[in-house]
Amino acid sequence: MDRYIHHHLGERKAALFADLPGTVVELGAGTGANMRYYRAGTRVIAVEPNPPMHRPLRDAAARHGVDVDIRTVGAQDTGLADGSVDAVVSTLVLCTVDDPAAVVAEVRRILRPGGRFLVLEHVAAPDPSPVARLQRLLWTGWRWAFEGCDLRRHTGDLLARAGFADVALERYRAGWMFLPVDDQVAGTLRR
Ligand SMILES: C[S@@+](CC[C@H](N)C(=O)[O-])C[C@H]1O[C@@H](n2cnc3c(N)ncnc32)[C@H](O)[C@@H]1O
């Protein structure tokens, strides 16, 4: 899976994560799929509430020379201080958290003015369309199979309306075999 995702999204992620500061907060870092895109020596505060992810996450960080600091908390309540963070990363996480609006509000709270929120997320397809129909058909089973992942979220709209000073989001199709999560948004929001 990791290799497949890297094959389809790697170039986009590498461009998105170029020019990151020395310390980054990553939400829902999972098994460390993004570690390969960080400069060696980067400190990543990984907000990952799911303990079974922690060992593979640590291993991935070690392979790529990333200094990972894992916090077993939810992204809606990171425990980080107001305005204390330069950059927050979220890839394929806002589909899964219980309350994406609360998570985005938390990101705004912890970012310093001018700090960046870098995202890559799948979204609900334009409706009507065959993919939107497919998403409606599959969403309950998909959510069960993929640990809460909700195919119906309009995450691009949520981000655009969240009150960031600058929003640069691109909407695109990943062009991969996972049609229900082919519609995506990626880009940078500035606090
Ligand atoms: C689909 S995986 C994505 C993992 C990784 N970001 C990637 O791009 O491959 C979703 C991740 O979000 C995590 N997660 C679920 N609820 C969360 C929450 N409330 N706060 C932070 N992470 C959460 C899961 O444990 C999982 O690691």
Side-chain angles (χ1 to χ4, degrees), residues 1-17 20 24-38 42 44-61 63-64 66 68-80 85 87-111 116-124 135 138-139 141-153 155-156 158-159 162 169 172 174 176-188:
M1 267 302 267
D2 192 35
R3 232 178 273 163
Y4 185 81
I5 291 176
H6 177 60
H7 176 71
H8 284 272
L9 299 180
E11 237 174 75
R12 190 176 287 279
K13 283 188 178 185
L16 186 63
F17 299 163
L20 279 174
V24 173
V25 173
E26 182 171 343
L27 310 179
T31 55
N34 290 331
M35 296 300 125
R36 62 167 85 213
Y37 307 109
Y38 296 123
T42 301
V44 175
I45 300 172
V47 173
E48 178 48 72
N50 195 353
M53 306 282 185
H54 292 177
R55 177 186 277 244
L57 172 55
R58 250 186 230 107
D59 291 348
R63 273 198 307 282
H64 296 284
V66 169
V68 73
D69 170 0
I70 300 175
R71 310 282 173 96
T72 314
V73 293
Q76 65 284 352
D77 188 9
T78 61
L80 297 166
V85 171
V88 178
V89 166
S90 171
T91 69
L92 308 177
V93 174
L94 294 175
C95 54
T96 297
V97 298
D98 288 341
D99 186 348
V103 169
V104 175
E106 174 72 353
V107 171
R108 283 192 62 211
R109 184 188 70 73
I110 64 175
L111 277 176
R116 288 175 287 161
F117 185 25
L118 300 110
V119 298
L120 186 154
E121 299 286 343
H122 66 80
V123 295
Q135 288 175 332
L138 292 182
W139 80 270
W142 188 277
R143 192 156 82 163
W144 178 81
F146 296 100
E147 297 183 23
C149 173
D150 188 341
L151 296 172
R152 304 163 309 160
R153 290 190 178 170
T155 301
L158 169 72
L159 290 166
L169 284 178
Y172 61 94
W176 59 13
M177 66 179 176
F178 308 117
L179 206 53
V181 291
D182 197 42
D183 285 74
Q184 303 187 352
V185 293
T188 302

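As the structure lists them, so they are numbered: ligands from 1, and atoms in each ligand from 1. Just so you know, residue 1 is the first one in the sequence shown, and it goes up from there. Computed from a predicted model, the values in this text were never measured in an experiment.
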Could you give the N/O to N/O pairs under 3.5 Å linking ligand 1 and the protein, each with its distance?
unit_1, atom_1, unit_2, atom_2, d
ligand 1, 6 (N), Gly28, O, 2.8
ligand 1, 6 (N), Thr91, O, 2.8
ligand 1, 6 (N), Thr91, OG1, 3.4
ligand 1, 8 (O), Thr91, O, 3.1
ligand 1, 8 (O), Thr91, OG1, 2.5
ligand 1, 19 (N), Gln76, OE1, 3.1
ligand 1, 20 (N), Ala75, N, 2.8
ligand 1, 25 (O), Glu48, OE2, 2.7
ligand 1, 27 (O), Glu48, OE1, 2.7

Handout entry: Centroid-centroid under 6.0 Å between His6 and Tyr37 rings
Key =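 Judged by ring-centre distance (under 6.0 Å), His6 and Tyr37 do meet the cut-off.
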*Compute whether any side-chain donor of one residue and acceptor of the other, for Glu121 and Ser90, lie under 3.5 angstrom apart.*
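Yes, side-chain donor-acceptor contact under 3.5 Å.
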### Message
Side chains of Asp150 and Thr96: any donor to acceptor distance under 3.5 Å?
### Response
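No - no donor-acceptor pair under 3.5 Å links their side chains.
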Handout entry: Where at least one partner belongs to residues 4-17, residue pairs that pass salt bridge (charged side-chain N to carboxylate O under 4.0 Å, His left out), sequence neighbours excluded
Key =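 For residues 4-17: Arg12-Glu170.
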Notebook entry, point to check: Which residues pass the side chain to side chain donor-acceptor pair (under 3.5 Å) test with Glu106, sequence neighbours left out?
Noted result: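 Only Thr78, Arg109 meet the side chain to side chain donor-acceptor pair (under 3.5 Å) criterion with Glu106.
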Next on the checklist: So, using salt bridge (Lys or Arg N to Asp or Glu O under 4.0 Å) as the criterion, who are the partners of Arg116 when residues are at least two apart?
Outcome noted: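 Expected list: none.
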